[in-house]
**Q** 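Supplied in structure tokens, the structure appears directly below.
Atom set for the values below is all heavy atoms of this structure, side chains included, hydrogens, waters and symmetry mates excluded. Numbering of ligands and ligand atoms starts at 1, following listing order.
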Amino acid sequence: MDLGISGRVALVTASSKGLGRASAMALAEEGCKVVVCARGEEALRAAEKELAEHTEVLAIAEDVTDADAPRRLVEATVERFGSVDILVANAGGPPATRALEFDDDQLGTALNNNLTTSLRLVREAVPHMRDRHWGRVCCITSFSIKQPIPTLALSNTARTALWAWIKTAAQELFPDGITVNTAAPGHHATDRMRQLGGGDTSGMGDPADFGKVVAFLCSQPANFVTGTAVQVDGGATTGLL
Ligand code: NAD
């Protein structure tokens with residue numbers, strides 16, 4: 001299937017490894033120019049090198065959760081490639097906690113990283129999408145937006161708030177040709193999950209497949225798909241919603 005996005009400009013945050021990197025790769029394979037970011041230089045340069053085999057790439061060392069980083073990232077994207085058509089908003093997840101086991105600082109950090117950062121990114125990117133009457137936003141969340149995970153209270157809280165916001169923004173932005181969706185992963189075999197699971201990734205999803213789902217949500221034929229959460233979780237979510 002031709003996803004119809006060759007030549008589009010995609011900003012994918014938190015993308016030197018894992019699901020962000022896989023999303024950037026899937027978009028690069030579709031012919032998008034890509035901008036990737038991460039805090040650490042080493043993994044970022046490795047991702048840049050791999051992506052550069054497929055497309056034009058700009059790699060920026062940046063902590064996306066810094067309040068001013070979304071502005072800087074969008075400005076750098078537009079300066080280099082002339083626009084930002086596709087935004088994949090991603091950031092590292094919060095630590096595991098039960099419902100009453102965190103303090104205000106931890107709550108504030110989780111909300112900043114997994115809610116506010118995405119809103120800031122969209123706020124910065126949307127004016128450029130509006131100019132062209134075309135835009136795609138895909139936030140990477142978690143299957144916990146449909147089925148809270150008992151040991152991940154902070155993640156459950158920040159991500160369901162983001163999901164509610166996505167629903168709101170989708171209605172508002174659709175008349176401007178902009179779609180807003182979330183790809184909600186279950187367990188995938190990323191470095192992080194390898195560390196958490198002691199190296200055992202049996203039964204987990206392949207990040208490369210997840211990236212292709214993100215690329216579809218950011219595609220031309222997905223132009224009528226908005227305000228949607230696509231579960232990519234191997235059936236882990238058992239509810240009917
Ligand atoms: P990962 O640790 O494998 O990769 C995270 C990437 O983000 C790395 O490139 C890292 O450098 C970058 N990053 C992290 N914090 C950053 C920051 N503040 N600024 C810039 N870059 C930053 O993680 P992953 O498994 O790919 O997960 C991505 C997101 O999806 C996380 O929010 C995670 O909680 C969520 N998630 C993952 C899974 C899974 O099974 N992998 C399941 C559900 C939800």
Side-chain angles (χ1 to χ4, degrees), residues 11-26 34-51 57 59-73 76 87-97 108-118 120-121 138-149 151-163 182-197 199-211 213-214 229-237:
L11 168 59
V12 185
T13 62
S15 42
S16 67
K17 292 183 180 177
L19 304 179
R21 181 170 172 165
S23 302
M25 181 55 72
V34 296
V35 179
V36 288
C37 87
R39 291 164 299 186
E41 283 277 356
E42 197 181 331
L44 184 63
R45 296 305 152 206
E48 179 184 29
K49 199 172 161 201
E50 193 183 69
L51 288 161
V57 53
I60 305 172
E62 185 79 83
D63 183 340
V64 69
T65 66
D66 186 278
D68 209 30
R71 183 189 60 74
R72 290 194 295 266
L73 287 165
L87 168 67
V88 179
N90 182 40
T97 54
T109 300
L111 293 174
N112 180 67
N113 296 2
N114 297 110
L115 170 63
T116 315
T117 296
S118 294
R120 290 186 188 120
L121 283 162
C138 180
C139 298
I140 297 180
T141 56
S142 165
F143 74 117
S144 67
I145 63 169
K146 292 291 177 75
Q147 183 167 289
I149 303 165
T151 52
L152 290 179
L154 289 170
S155 175
N156 298 339
T157 305
R159 295 186 201 278
T160 48
L162 179 57
W163 171 220
T182 174
H187 293 154
H188 280 76
T190 62
D191 280 0
R192 182 177 151 76
M193 293 305 286
R194 266 183 212 99
Q195 281 161 9
L196 291 174
D200 180 12
T201 56
S202 49
M204 291 190 188
D206 181 346
D209 291 340
F210 178 87
V213 175
V214 170
V230 175
Q231 309 282 127
V232 191
D233 65 5
T237 313

**Q** For A43, state whether at least one heavy atom is located under 4.0 Å from any atom of ligand 1.
**A**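 No; A43 lies far enough from ligand 1 that no heavy-atom distance drops under 4.0 Å.
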**Q** Which of the numbered atoms in ligand 1 are under 4.0 angstrom from any heavy atom belonging to A91?
**A**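 Here the atoms of ligand 1 in question are 29 (C), 31 (C), 32 (O).
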**Q** My question is simple, although I want it checked carefully: is atom 5 (C) of ligand 1 less than 4.0 angstrom from any protein heavy atom?
**A**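 Protein heavy atoms within 4.0 Å of atom 5 (C) of ligand 1 - there are none.
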**Q** Against ligand 1, does G40 come closer than 4.0 Å with any heavy atom?
**A**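 No.
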**Q** Within the 4.0 Å heavy-atom shell around G18, which atoms of ligand 1 are there?
**A**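 Near G18, the atoms of ligand 1 are 3 (O), 26 (O).
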**Q** Identify, by atom number and element, the atoms of ligand 1 in contact range of S16, meaning under 4.0 Å from any of its heavy atoms.
**A**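 By the 4.0 Å cutoff, the relevant atoms are 8 (C), 9 (O), 11 (O).
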**Q** I'd like to know if the side chain of T13 reaches the main chain of A89, judged simply by a donor and an acceptor atom lying under 3.5 Å from each other, with no hydrogens or angles considered.
**A**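 It does not hold such a pair.
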**Q** Taking only non-hydrogen atoms of G186, do any sit less than 4.0 angstrom from ligand 1?
**A**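 Contact present.
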**Q** Could you point out which residue of L44, D63, D66 forms a side-chain contact (heavy atoms from CB on, under 4.5 Å) with R39?
**A**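 Of all the options given, the one that passes is D63.
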**Q** With a 4.0 Å cut-off on heavy atoms, is L44 in contact with ligand 1?
**A**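 Judged by the 4.0 Å heavy-atom criterion, L44 does not count as contacting ligand 1.
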**Q** Show the atoms of ligand 1 that are less than 4.0 angstrom away from any heavy atom in E62.
**A**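 Reading through ligand 1 atom by atom, the close ones are 19 (N), 20 (C).
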**Q** Side chains of N90 and R21: donor-acceptor distance under 3.5 Å anywhere?
**A**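 No, no side-chain donor-acceptor pair sits under 3.5 Å.
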**Q** Could you tell me whether I140 approaches ligand 1 through its side chain, its backbone, both or neither, with non-hydrogen atoms closer than 4.0 Å?
**A**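 The side chain, only.
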**Q** Please examine the side chains of L152 and S144, heavy atoms only from C-beta on, and report whether any two atoms are closer than 4.5 Å.
**A**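 Side-chain contact under 4.5 Å: no.
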**Q** Should you measure from each heavy atom of T65, which atoms of ligand 1 turn up under 4.0 Å away?
**A**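 The list of qualifying atoms is 18 (N).
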**Q** Looking at ligand 1, is there an atom of it that comes within less than 4.0 Å of some heavy atom belonging to E42?
**A**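 Contact check E42 vs ligand 1: negative.
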